[in-house]
Amino acid sequence: MERLKSQNRASVICTDLAKSYGSVPALRGVNMEVTKGEIFGIIGPDGAGKSTLFRILTTLLLPDKGKAYVEGFDTVKEYRNIRKIVGYMPGRFSLYQDLTVEENLKVFASIFNTSVQGNYHLIKDIYSHLEPFKTRRAGNLSGGMKQKLALCCALVHKPEVLFLDEPTTGIDPVSRKELWEMLGNLREQGITILVSTPYMDEASRCDRIALIQHGEFLKTDTPAGIVSGYSNKLWGIKGEKMASLIGDLRSVKGIISCFAFGGSLHTAVDESVINIDLLKRHLIDKGNIDVEIEEIKAGIEDCFMELAEKSS
Amino acid sequence: MKVITVERLTKKFGDFTAVDNISFEVEKGEIFGFLGANGAGKTTAMRMLCGLLKPTSGKAVVAGYDIELEAEKVKRSIGYMSQKFALYEDLKVWENIRLYAGIYKVPEKESKEKCDHLLKELGLEDEREAFVKSLPLGWKQKLAFSVSIFHNPGIVFLDEPTGGVDPATRRQFWEMIYKASESGITVFVTTHYMDEAEYCDRVSIMVDGRIEALDSPGALKREYGAADMDEVFRKLAKRSKIFEK
């Protein structure tokens with residue numbers, strides 16, 4: 001296989017990629033094309049197939065069917081070439097717990113025949129958060145700090161493509177936000193970033209996203225494109241007793257679905273059957289108080305739920 | 001009625017203070033959200049409240065029992081579920097239910113009847129003989145929650161019960177929490193999903209071992225001039241010493 005790099009803007013390509021573990025399918029024919037220099041998010045719950053996809057792309061797992069290329073290299077035949085140019089941060093913390101922050105970084109640098117100083121500009125921003133703890137053992141870092149160290153280690157050899165498998169899972173909102181800011185900075189350096197996450201609210205941080213469930217891509221588009229594809233009208237409904245409000249709403253004709261979203265209930269409606277005034281009166285008659293209804297825009301999570309419902 | 005009373009509870013590991021003099025109360029039937037950044041001390045506090053760890057100083061009464069002097073009684077009176085460990089993967093669905101019932105000394109006859117009833121309610125009758133490892137994550141979480149309250153505890157502690165679960169299942173899970181709370185069970189829950197903080201009656205936010213804020217989500221949003229709980233959380237968590245340069 002010739003390296004396609006020069007004539008192709010695509011950094012990662014998958015065609016009909018499939019993988020099963022025994023009788024359990026993990027990927028059922030995934031097609032994807034990631035453009036050079038973009039942040040591509042793969043968003044879906046646990047068990048959707050995210051890690052399997054990442055492991056195939058980083059040459060750690062062989063697919064049953066289909067093909068995948070990273071920077072023009074075949075993931076099966078040219079795995080050696082791929083391993084030199086990708087950085088991979090697995091979902092589980094994989095650094096040496098008994099080594100210090102500094103030692104971990106040195107180990108990864110020497111594996112890739114480079115030095116920490118060589119590409120220090122890439123990790124400088126991130127490493128500055130870790131510097132005060134550089135003599136601490138990795139096992140004794142907090143969750144957010146561990147992820148930052150793992151990211152540094154995945155970057156130390158200046159990869160062309162970075163694979164981050166759920167870097168923000170189980171991490172508190174402050175550390176999550178910081179990590180995403182770091183990824184934004186790395187993109188500016190020209191690194192292509194594939195990142196998976198179960199948090200739907202992180203979609204807006206990506207240039208393009210693929211929503212994945214049960215080993216299939218439900219949809220691939222820009223976050224704005226996904227949101228504009230939402231097909232129903234959506235109302236945000238509030239009331240004093242949310243639990244009873246959900247029950248009342250679900251029994252109303254013209255209500256397609258109703259789910260809690262933080263402070264309000266996102267309710268998909270068929271406007272040919274019901275309007276806001278009618279519904280409000282109905283809910284008040286049922287004994288609900290402080291009822292507020294307003295039309296709202298769908299978010300990524302609304303879209304995911306709609307697409308998942310359609311596909312099942 | 002107070003189901004949890006915590007007074008000046010403190011836990012030190014060597015010279016590190018993981019939980020620093022916290023005090024609060026939880027009412028019967030309340031859904032109490034216990035939030036905090038990684039390393040803020042949530043797990044340590046929760047382990048003390050469950051009778052699994054002795055405090056360095058201070059005291060707490062859970063379900064009427066002193067967590068230090070009557071730890072075994074505390075354990076018997078509470079339910080516990082975590083995302084990391086909840087069910088035995090290599091046991092069948094019904095075996096998991098009956099095992100937990102046995103551990104909590106639910107009488108044989110009652111256990112059998114309740115097990116059948118529960119499987120029906122969860123729509124898992126056909127999966128009765130299935131190994132838990134073969135179930136989708138969402139089903140496992142719902143089963144795990146039901147098992148954790150099978151012995152009718154006064155309080156259930158849920159440690160990040162919805163991590164990684166798909167959006168629809170996550171919401172169904174919260175509807176189960178609402179139901180449990182309506183039946184009088186007090187729910188003590190940790191989560192990293194800030195939208196879930198909005199579903200709690202009251203929320204406490206821990207920073208560096210201390211409780212920095214405790215109120216209803218509505219009151220906290222007003223107090224911090226924030227649009228949602230995510231903003232409240234971020235404003236508070238920034239006070240952590242970890243972020244001082």
Side-chain angles (χ1 to χ4, degrees), chain A residues 23-24 43-48 50 91 128-129 131-133 140-147 166 168-178 197-201 211 213-214 241-244 246-247 257-266 299-306 308-309 312, chain B residues 16 31 35-40 42 83-84 133-138 140-141 160 162-172 174-175 177-179 181-182 192-199 205-207 217-218 221 227-240 242-245:
Chain A
S23 61
V24 183
I43 302 182
D46 286 4
K50 302 187 297 290
S128 67
H129 291 250
E131 197 119 40
F133 311 102
N140 296 335
L141 294 173
S142 73
M145 290 289 177
K146 277 183 182 163
Q147 295 306 75
E166 299 205 21
T168 57
T169 293
I171 302 298
D172 63 83
V174 177
S175 300
R176 273 169 60 187
K177 193 165 170 270
E178 283 175 352
T197 176
Y199 297 109
M200 306 277 155
D201 59 344
L211 301 178
Q213 174 145 299
H214 302 143
K241 285 251 177 223
M242 295 294 230
S244 61
I246 292 184
S257 70
C258 172
F259 289 105
F261 270 75
S264 79
L265 302 175
H266 285 197
I300 295 291
E301 200 158 3
D302 297 295
C303 297
F304 186 95
M305 288 165 82
E306 187 183 62
E309 177 69 30
S312 64
Chain B
F16 175 70
I31 302 176
L35 311 183
N38 292 105
K42 296 190 302 286
Q83 186 207 351
K84 289 184 195 97
K133 64 182 168 200
S134 71
L135 296 183
L137 181 72
K140 269 188 217 170
Q141 294 304 82
E160 290 184 33
T162 55
V165 175
D166 71 83
T169 310
R170 199 153 71 80
R171 288 170 172 85
Q172 287 161 11
W174 271 90
E175 286 170 29
I177 292 181
Y178 277 134
K179 237 180 169 179
S181 138
E182 274 166 17
H192 280 311
Y193 291 101
M194 284 303 122
D195 60 333
E196 294 185 349
E198 312 261 0
Y199 309 152
I205 300 178
M206 272 185 98
V207 180
K221 282 185 278 184
D228 51 32
M229 284 304 294
D230 188 49
E231 201 181 331
V232 173
F233 187 91
R234 276 191 273 118
K235 281 185 172 169
L236 272 166
K238 284 225 169 86
R239 292 185 189 170
S240 169
I242 292 173
F243 297 103
E244 285 171 15
K245 291 251 169 88

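Reminder, nothing fancy here: chain letters follow the sequence lines and each chain counts from 1.
Contact of A:Glu166 with chain B is not made at all, since no heavy-atom distance falls under 4.5 Å. Heavy atoms closer than 4.5 Å to chain A are found in the side chain of B:Arg171, but not in its backbone. Interface remark: B:Asp228 contributes no atoms to any contact with chain A (heavy atom separation under 4.5 Å). A:Phe261 touches chain B through backbone and side chain together, each having a heavy atom under 4.5 Å away. Using a 4.5 Å cut-off between heavy atoms, A:Pro173 contacts chain B through both its backbone and its side chain. Residue contact with chain A, scored on non-hydrogen atoms closer than 4.5 Å, is absent for B:Gln172.
A salt bridge is absent between A:Arg176 and B:Asp230; no separation between the charged side-chain nitrogens and carboxylate oxygens falls under 4.0 Å.
The most heavy-atom pairs under 4.5 Å with chain A, out of B:Met229, B:Arg234, B:Met194, come from B:Arg234. When each of A:Gln213, A:His214, A:Lys177 is checked for heavy-atom pairs under 4.5 Å with chain B, A:Lys177 comes out on top.
Counting heavy atoms from C-beta outward, B:Val232 and B:Lys221 have side chains that approach closer than 4.5 Å. In this structure, the side chains of A:Met305 and A:Ser257 stay at 4.5 Å or more apart for every pair of heavy atoms.
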* **salt bridge (charged side-chain N to carboxylate O under 4.0 Å, His left out) assessment of A:Asp46 paired with B:Lys140** => CA-CA 12 Å; A:Asp46 286 4; B:Lys140 269 188 217 170; over 6 Å; no
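Using modelled atom types and a 3.5 Å distance limit, the side chains of B:Thr162 and B:Glu196 yield a donor-acceptor pair.
Checked by atom type and distance alone, the side chain of B:Tyr199 pairs as donor or acceptor with a backbone atom of A:Ala260 at under 3.5 Å.
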